[in-house]
Asks: 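There's a structure below that I have some questions on.
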Number of protein chains: 2
Amino acid sequence: MTTKTVIAAHSRLDARRRAFLDAASIVFLEKGYANATLGDIIEKSGGSRQTLYALFGGKQGLFEAIIAERNAEIFRPLRADDLHNRPPEDVLVEIGTRFLHRVLTPEALGAFRLVLAEGPAMKELSERFWVVGPGRTVTAFAGYLEELADRGALRLQDASLAARQFQGMLLGNFQIDCMLGVRELPSPGEVETFVKSAVARFLDGCRAR
Amino acid sequence: MTTKTVIAAHSRLDARRRAFLDAASIVFLEKGYANATLGDIIEKSGGSRQTLYALFGGKQGLFEAIIAERNAEIFRPLRADDLHNRPPEDVLVEIGTRFLHRVLTPEALGAFRLVLAEGPAMKELSERFWVVGPGRTVTAFAGYLEELADRGALRLQDASLAARQFQGMLLGNFQIDCMLGVRELPSPGEVETFVKSAVARFLDGCRAR
DNA sequence: AAATAACTGTACTGTACCGTACAGTACTTA
DNA sequence: TAAGTACTGTACGGTACAGTACAGTTATTT
């Protein structure tokens with residue numbers, strides 16, 4: 001078996017894989033895990049049942065694969081190289097805005113809801129989700145706040161606590177309201193206003209006395 | 001049919017109703033809507049399938065009934081009469097603590113998760129949930145903040161915005177982490193520390209400049 | 001062109017479970 | 001105690017769907 005064979009084989013399998021993942025992503029997000037049927041997914045993907053089982057082992061395997069992928073996409077690190085020597089206000093506003101724009105999309109909210117719904121039944125799934133998701137971002141915030149505190153730009157007793165408060169403030173009711181479907185997604189303008197206000201209040205709160 | 005008859009009949013039906021609600025509550029919270037079976041619930045309740053259908057009309061009717069009940073319980077108004085002329089710090093800390101203790105229970109988190117999970121499939125359920133739940137509490141916070149602003153105790157551009165930030169800060173990652181099951185419920189001490197810190201930061205943030 | 005790998009399509013099995021029907025049993029009231 | 005009400009238990013219909021078996025078809029390599 002030559003290298004060429006392997007590559008060709010891989011690219012063919014990978015194309016099928018992609019088709020399944022894309023189809024499953026749509027169907028699961030639309031109907032939820034339990035109400036999504038493999039028939040729906042197979043039809044939409046253009047593939048066959050047999051191949052699905054060969055690639056993912058079954059419904060749950062497919063589900064976990066799409067959650068992992070969505071997750072990597074949604075929570076991939078926020079680039080912040082361009083913000084190096086800017087004042088904390090600017091940095092937090094900028095990062096906060098990017099964060100919210102990432103999280104407040106139909107796909108991200110849908111993925112979150114799926115994990116919440118199936119969480120009790122798939123424990124390690126929610127753990128993996130948390131580690132690369134909310135856990136990672138809050139750690140990143142905490143790191144930056146710690147740095148500010150070390151430089152004396154802020155007074156903090158507990159950077160991790162502050163980071164959790166900050167992240168909560170940002171997500172605030174946006175996430176809940178949007179997941180519940182009681183409001184549409186905020187416009188970029190609304191996000192910006194909200195973040196600026198939150199950052200100002202937060203930083204002033206950290207500087208008082 | 002005399003009054004006595006009616007009362008007696010009611011109390012009998014009500015006892016059955018209770019048994020079903022209690023059982024369903026446990027089973028739904030444990031397994032999620034889709035994975036909970038009526039068989040489980042009937043067995044646990046000690047009642048019969050027939051009576052379940054007579055009382056609730058089916059699975060969804062039962063589900064909505066338990067969500068409504070849980071909701072009324074979890075989000076019943078927080079009494080605050082005792083806090084009348086206390087300083088804002090004390091009031092917010094006290095109310096915030098009570099709020100968190102209400103929301104951070106297995107039952108409340110479970111109900112929340114169920115509604116989030118089934119939300120898209122049951123639209124008006126999530127709306128009703130929001131109105132008496134998160135919506136009501138954020139409105140209450142906004143009202144109080146507005147009052148403080150009118151008295152000049154605080155400077156606020158937008159009380160509703162501030163209330164959403166405050167509520168988000170409180171729930172912060174507690175709610176997410178606990179719903180995902182990646183941490184245990186916080187101890188009363190941890191809640192208190194967290195709320196005090198959040199309130200201090202928030203109020204200082206509202207007073208700066 | 002032969003051989004093999006990568007699929008597709010259909011059909012089937014088995015099971016789980018919602019909802020209904022019905023016949024029977026306990027409790028309540030008069 | 002008779003009449004009615006409030007149930008229970010079992011059994012069954014119907015359906016939906018995950019997973020498997022297998023025979024056939026198209027691409028890829030040599």
Side-chain angles (χ1 to χ4, degrees), chain A residues 1-24 26-28 30-67 114 117-118 121-122 125, chain B residues 1-24 26-28 30-66 114 117-118 121-122:
Chain A
M1 194 199 275
T2 67
T3 305
K4 220 174 169 186
T5 314
V6 171
I7 291 171
H10 268 200
S11 70
R12 196 141 174 261
L13 272 169
D14 283 353
R16 286 291 78 210
R17 215 184 136 77
R18 266 262 59 77
F20 279 122
L21 287 172
D22 292 343
I26 292 168
V27 175
F28 278 133
E30 200 166 83
K31 307 220 202 183
Y33 181 77
N35 293 322
T37 75
L38 293 186
D40 294 340
I41 294 169
I42 290 162
E43 193 183 8
K44 188 163 239 134
S45 77
S48 74
R49 191 169 273 267
Q50 197 63 217
T51 310
L52 191 158
Y53 274 87
L55 289 174
F56 300 99
K59 193 180 189 182
Q60 179 161 341
L62 182 55
F63 181 70
E64 291 182 2
I66 110 172
I67 292 296
L114 283 176
E118 295 308 313
M122 310 185 195
L125 178 74
Chain B
M1 194 197 277
T2 67
T3 304
K4 222 175 171 187
T5 313
V6 170
I7 291 172
H10 269 200
S11 72
R12 200 142 174 264
L13 273 168
D14 283 353
R16 286 291 80 210
R17 212 185 138 78
R18 266 260 58 78
F20 279 123
L21 287 173
D22 291 342
I26 292 168
V27 175
F28 277 132
E30 200 165 84
K31 308 221 202 184
Y33 181 76
N35 293 324
T37 74
L38 293 185
D40 293 340
I41 294 169
I42 290 161
E43 192 183 8
K44 189 161 237 133
S45 77
S48 74
R49 190 167 275 263
Q50 197 62 217
T51 310
L52 192 158
Y53 276 86
L55 288 175
F56 299 100
K59 194 179 189 182
Q60 179 160 341
L62 181 55
F63 181 70
E64 291 182 2
I66 109 171
L114 284 175
E118 296 306 315
M122 310 184 194

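Throughout, protein chains are lettered first and strands after them, A, B, ... in sequence-line order, and every chain is numbered starting at 1.
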Asks: Could you run down nucleotides 8-15 of chain C 5' to 3' and tag each one B, S or - for protein heavy-atom contact under 4.0 Å?
Replies: BB------
Asks: Applying side-chain contact (heavy atoms from CB on, under 4.5 Å), can you list everything that pairs with Gln50(B), at least two apart in sequence or on another chain?
Replies: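 Per chain and number, Gln50(B) pairs via side-chain contact (heavy atoms from CB on, under 4.5 Å) with Ser48(B).
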Asks: For a quick check of understanding: with a heavy-atom distance under 4.0 Å over all strands, which category does Ala36(B) fall into, base, sugar-phosphate or nothing?
Replies: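 Answer is sugar-phosphate: Ala36(B) comes under 4.0 Å of backbone atoms only.
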Asks: Table please: side-chain donor-acceptor pairs of residues 57-65 of chain A below 3.5 Å, with sequence neighbours left out.
Replies:
{"residue": "Lys59(A)", "atom": "NZ", "partner": "Tyr33(A)", "partner atom": "O", "Å": "3.1"}
{"residue": "Lys59(A)", "atom": "NZ", "partner": "Ala36(A)", "partner atom": "O", "Å": "2.9"}
{"residue": "Gln60(A)", "atom": "NE2", "partner": "Glu64(A)", "partner atom": "OE2", "Å": "3.0"}

Asks: What pairs with Asp22(A) under side chain to side chain donor-acceptor pair (under 3.5 Å), at least two apart in sequence or on another chain?
Replies: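 Asp22(A): side chain to side chain donor-acceptor pair (under 3.5 Å) contacts with Arg18(A).
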Asks: Would you mind reading off the distance between Phe56(B) atom CZ and dG19(C) atom P, rounded to a whole angstrom?
Replies: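 Whole-Å distance recorded here is 14 Å.
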Asks: For nucleotides 12-14 of chain D, which of its nitrogen or oxygen atoms have a protein nitrogen or oxygen under 3.5 Å away, and what is each distance?
Replies:
none

Asks: Quick one: Tyr53(B) OH to dT10(D) P, roughly how many Å, whole number?
Replies: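 Rounding to the nearest Å, OH of Tyr53(B) and P of dT10(D) are 18 Å apart.
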Asks: Take atom CG of Asn35(A) and atom P of dC18(C), then tell me their distance rounded to the nearest Å.
Replies: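 Going from Asn35(A) (CG) to dC18(C) (P), I get 13 Å.
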Asks: Filter on ring pair (Phe, Tyr, Trp, His ring centres under 6.0 Å), then keep only pairs touching residues 36-56 of chain B, sequence neighbours left out; what's left?
Replies: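 Qualifying pairs: none.
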Asks: For Gln60(B) and dC17(C), give me the distance from atom CD to atom C1', rounded to whole Å.
Replies: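 Result: 16 Å.
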Asks: Quick check on the helix from dA1(C)-dT30(D) to dA30(C)-dT1(D): what's the angle between its two end axes, five base pairs per end, to the nearest 10°?
Replies: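 Comparing the axis at each end, I get an angle of 20°.
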Asks: Whole angstroms only, please: what is the CD1-P distance between Ile42(B) and dT20(C)?
Replies: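 Whole-Å distance recorded here is 13 Å.
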Asks: With sequence neighbours excluded, give me every salt bridge (charged side-chain N to carboxylate O under 4.0 Å, His left out) pair touching residues 30-45 of chain B.
Replies: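 Passing the test, one end in residues 30-45 of chain B: Lys31(B)-Asp40(B).
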